[in-house]
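If you're wondering where the values come from, they're calculated on a predicted model, not measured in any experiment.
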Amino acid sequence: MDKYKALIGLEMHCEISKTNTKVFSSAKNSYTEKPNVNIRPVDIAFPGTLPVVNKEAVKKALMISMVLNCKQPEYLYFERKNYYYPDLPKGYQITQETKPAPIGVYGSLNYECQGEIKTARINNLHLEEDSAGMDHFGNYSTIDYNRAGVPLLELVTEPDFKNAEEAVSFLETMRSIYQYTDTSDADSKKGQVRCDVNISIMDSNLDENDPANWGTKIEIKNVNSFSGVRDAINYEIFRQIEAKENGTYDEMQQQTRRWDEESGTTIFMRGKADAIDYKYFVEPNIPKLKIDKDWLEEIRKNIPLLASERKEKYINEYGLTNKEASILVKEKNISDYYNEMIKNGTNPKEASNWIITRVLGYINKEQIDISDIFITPLMLSKLICMLDNKEISSKQAKDIFNESLEVRKSPIDIINEKGLKQNSNDEEIRKIVTEMLSNNKDNVGKYKNGKTNLLGFFVGQVMKITKGQANPELTSNIIIEEINKI
């Protein structure tokens with residue numbers, strides 16, 4: 001790879017899932033596996049139906065445009081992208097071309113990759129409607145129109161990524177932006193995120209800023225996961241280098257390929273000669289809309305703290321390590337859970353430790369979202385508070401946490417029902433200790449003669465008398481004090 005370098009550009013498609021309705025119809029915008037229930041006549045192109053622009057979708061799209069440091073348009077336009085495919089009932093898609101102006105142009109985004117801050121240039125961001133979904137079987141296909149008309153943001157970058165790790169780090173950063181701005185769940189399992197990848201390679205000693213030095217651009221369509229993006233890029237770079245080495249690269253024409261997960265290869269779909277002429281023209285049923293400057297300023301003021309800003313706060317204000325903060329902000333739901341615990345008064349470091357070691361361990365094992373876990377932030381805060389106040393031991397706290405998840409009872413209810421609350425009353429424990437020591441004079445003598453491992457025996461005797469409710473640490477200290485008095 002030292003002889004060559006890759007130029008990688010991304011086209012990321014993300015559904016805006018956080019609106020009540022679709023982008024041009026009143027149909028419900030909600031994921032469901034039941035087909036053809038979230039539809040209206042306009043979604044399936046019934047004659048006489050007209051599109052109506054969803055203001056909330058435009059607002060969320062403009063917010064993403066601002067986060068990406070793009071220039072917002074003075075007027076909002078939509079175009080028709082004309083092509084035929086069974087999942088496109090109208091025979092065209094309502095979208096935005098780069099001219100006159102989409103929802104955002106010429107921005108940039110800083111993202112972190114393997115400890116380094118990188119910058120990717122944004123060519124454009126445009127708002128459009130999604131197509132329907134198709135499933136292909138042996139000799140027939142089915143169409144689900146639930147996805148038809150769902151608001152979709154397409155983000156197009158410049159070829160600023162040098163390897164798969166940079167591309168995936170950028171995509172993960174974008175997913176967090178969509179989540180933190182409450183624009184989308186950005187869940188690839190629900191088909192809300194897809195990606196096209198453009199790759200070419202060139203000799204490493206040439207100037208990459210001169211397009212004349214670029215190699216043949218290969219487009220990989222509709223990669224449905226970030227791991228798929230990583231694998232597709234690595235394979236395609238390998239394939240193109242192999243072509244360079246065997247002398248066939250210059251014969252390769254610009255083409256579109258698809259990623260095949262089963263074979264782990266990219267497969268030819270069509271060449272440049274097969275490129276589709278979409279015949280864009282302005283959508284006649286949606287008038288040109290002037291975007292109010294005051295509205296833009298209001299949207300800008302309401303941009304929430306993003307993952308990078310929360311991470312900085314966790315490190316600088318809460319004293320977390322870079323690793324701890326990175327884990328907590330990776331998913332918005334996890335960061336929200338942590339923030340709720342802080343609001344409940346939990347020590348930030350302790351909250352972090354419990355979430356990272358216990359909560360995430362459980363949800364990863366069960367393969368669920370943190371929003372689905374039974375123990376709420378308040379429940380966990382109360383459990384940690386009792387641990388801090390020495391009302392329960394560390395081992396008890398862990399056992400109670402596990403039992404709470406298993407039987408779906410709050411930790412406090414379990415503690416109360418089982419009488420697990422520790423006794424930290426100095427006077428009561430001291431009385432029990434002095435009586436226990438007077439009944440074990442031989443062992444006390446052995447302890448004073450150097451057999452200090454008997455301390456565990458003495459603590460065990462007190463725990464037996466108190467049915468495990470005496471505070472072990474306090475008990476141990478009192479035993480030592482009382483023996484020293486003898």
- Task: For the pair Ser176 (side chain) and Thr173 (backbone), establish whether a donor and an acceptor sit closer than 3.5 Å, ignoring hydrogens and angles.
- Result: yes
- Message: Tell me whether Glu236 is salt-bridged to Arg239, with the criterion being a basic N under 4.0 Å from an acidic carboxylate O.
- Response: yes
- Query: For Lys279, what residues pass the salt bridge (Lys or Arg N to Asp or Glu O under 4.0 Å) criterion, not counting sequence neighbours?
  - Reply: Asp277
- Task: Determine whether the side chains of Tyr180 and Glu331 contain a donor N or O and an acceptor N or O closer than 3.5 Å.
- Result: no
- Lys/Arg-Asp/Glu bridge criterion (N-O < 4.0 Å) met for Lys18, Asp185: yes
- Message: Could you tell me if Ser225 and Ser188 have a donor-acceptor pair between their side chains, going purely by distance under 3.5 Å?
- Response: no
- Item | Residues, nucleotides or ligands: over 12 heavy atoms within 6.0 Å of Lys71 NZ | no
- Item | CD (Glu366) with more than 12 external heavy atoms under 6.0 Å | yes
- Does one side chain, of Ser25 or Asp43, offer a donor that lies under 3.5 Å from an acceptor on the other? yes
- Query: Between OG1 of Thr256 and CD1 of Ile220, what distance do you get to the nearest 0.5 Å?
  - Reply: 10.0 Å
- Message: Among Arg257, Met269, Glu11, which residue satisfies the side-chain contact (heavy atoms from CB on, under 4.5 Å) criterion with Glu219?
- Response: Glu11
- Check: Arg310/Ser335 side-chain N/O donor and acceptor closer than 3.5 Å: yes
- Item | Basic-acidic side-chain contact under 4.0 Å: Glu129, Lys90 | yes
- Item | Check: Val156 main-chain N/O paired with Asn124 side-chain donor or acceptor under 3.5 Å | no
- Query: Within a radius of less than 6.0 Å around OH of Tyr83, do more than 12 heavy atoms belonging to other residues, nucleotides or ligands occur?
  - Reply: yes
- Item | Residues Glu297 and Lys293 bridged, charged N to O under 4.0 Å | no
- Item | Polar side-chain atom of Ser204 near backbone of Asp2 as donor-acceptor pair, under 3.5 Å | yes
- Lys60 side chain to Asp182 main-chain N or O, any donor-acceptor pair under 3.5 Å? yes
- Message: Could you measure the distance from the CD atom of Glu309 to the CD1 atom of Ile303? Nearest 0.5 Å is fine.
- Response: 9.0 Å
- Tell me, with the steps shown, if Tyr314 and Tyr338 meet ring pair (Phe, Tyr, Trp, His ring centres under 6.0 Å). CA-CA 10 Å; Tyr314 293 171; Tyr338 177 70; 4.9 Å; yes
- Query: So with a 6.0 Å cut-off around NZ of Lys221, is the heavy-atom count from everything else above 12?
  - Reply: yes
- Query: Would you say the side-chain atoms of Ser352 pair up with the backbone N or O of Pro348, donor to acceptor, closer than 3.5 Å?
  - Reply: no
- Interatomic spacing from NZ in Lys323 to CD1 in Ile356 - rounded to 0.5 Å: 8.5 Å
- Item | Between Asn38 and Ser30: side-chain donor-acceptor atoms closer than 3.5 Å | no
- Measure from NZ or CZ of Lys81 to the centre of the six-membered ring of Tyr278 and say whether it is under 6.0 Å with the direction within 45° of the ring axis. yes
- Only counting residues at least two apart or in another chain, list the ones meeting salt bridge (Lys or Arg N to Asp or Glu O under 4.0 Å) with Glu128. none
- Task: Evaluate side chain to side chain contact (heavy atoms under 4.5 Å, CB included) for Met174 paired with Leu109, printing each intermediate quantity in order.
- Result: CA-CA 9 Å; Met174 279 306 308; Leu109 177 68; 3.6 Å; yes
- Would you call the rings of Phe24 and Phe78 parallel, tilted or perpendicular if under 30° counts as parallel and over 60° as perpendicular? perpendicular
- Task: Flag the pair Asp292 and Lys290 as a salt bridge only when some basic side-chain nitrogen lies within less than 4.0 angstrom of an acidic carboxylate oxygen.
- Result: no
- Item | Donor + acceptor pair across side chains of Arg258, Thr266 (<3.5 Å) | no
- Is the backbone N or O of Ile363 less than 3.5 Å from a side-chain atom of Asp372, with the two atoms forming a donor-acceptor pair by type? no
- Decide whether Asn146 and Lys28 meet the rule of one side-chain donor and one side-chain acceptor closer than 3.5 Å. no
- Message: Under 4.0 Å between a side-chain nitrogen and a carboxylate oxygen: does that hold for Asp203 and Lys3?
- Response: no
- Task: For the pair Glu166 (side chain) and Ala164 (backbone), establish whether a donor and an acceptor sit closer than 3.5 Å, ignoring hydrogens and angles.
- Result: no
- Side chains of Glu158 and Asn123: do they bring a donor and an acceptor to under 3.5 Å? yes
- Message: Contact between Val23 and Val150 at the side-chain level, heavy atoms closer than 4.5 Å - yes or no?
- Response: no
- Does the ring of Tyr249 carry Lys244 above it, NZ/CZ under 6.0 angstrom from centre and within 45° of its axis? yes
- Message: Please report the interatomic distance NZ(Lys343) to CG(Asp336), rounded to the nearest 0.5 Å.
- Response: 8.5 Å
- Euclidean distance, Leu320 CG relative to Ile327 CD1, rounded to 0.5 Å: 10.5 Å
- Message: Any donor-acceptor pair under 3.5 Å linking the side-chain atoms of Asp260 with those of Thr265?
- Response: no
- Message: One thing to verify: whether Arg194 and Glu15 come together as a salt bridge, which I'm taking to mean a side-chain N less than 4.0 angstrom from a carboxylate O.
- Response: yes
- Donor-acceptor under 3.5 Å (Asp130 side chain, Gly149 main chain): no
- Taking only Lys NZ, Arg NE, NH1 and NH2, and the carboxylate oxygens of Asp or Glu, determine whether Lys301 and Glu298 approach each other closer than 4.0 Å. no
- Can you establish whether the number of heavy atoms outside Phe238 located under 6.0 Å from its atom CZ is more than 12? no
- Message: Checking Gln72 against Ser65: is there a side-chain donor and acceptor pair closer than 3.5 Å?
- Response: yes
- Task: Please assess Phe161 against Phe170 for the test ring pair (Phe, Tyr, Trp, His ring centres under 6.0 Å), listing each intermediate value before the final yes or no.
- Result: CA-CA 9 Å; Phe161 310 103; Phe170 173 85; 5.1 Å; yes
- Using a cut-off of 6.0 Å, state whether more than 12 heavy atoms not belonging to Asn302 lie near its atom CG. yes
- Message: Checking side-chain polar atoms at under 3.5 Å, does Asp369 have a donor or acceptor matched by the opposite partner on Ser371?
- Response: yes
- Might you work through the side-chain hydrogen bond (donor to acceptor under 3.5 Å, both in side chains) test for Lys382 and Asn344, ending with a clear yes or no? CA-CA 9 Å; Lys382 287 181 177 179; Asn344 295 333; over 6 Å; no
- Electrostatic pair Lys5-Glu208, nearest N-O below 4.0 angstrom: yes
- Query: Sequence neighbours excluded, which residues qualify as side chain to side chain contact (heavy atoms under 4.5 Å, CB included) partners of Arg358?
  - Reply: Trp354, Lys398, Phe401
- Task: Answer yes or no for Lys288 and Tyr75: cation-pi contact, defined as NZ/CZ to six-membered ring centre under 6.0 Å and angle to ring axis within 45°.
- Result: yes
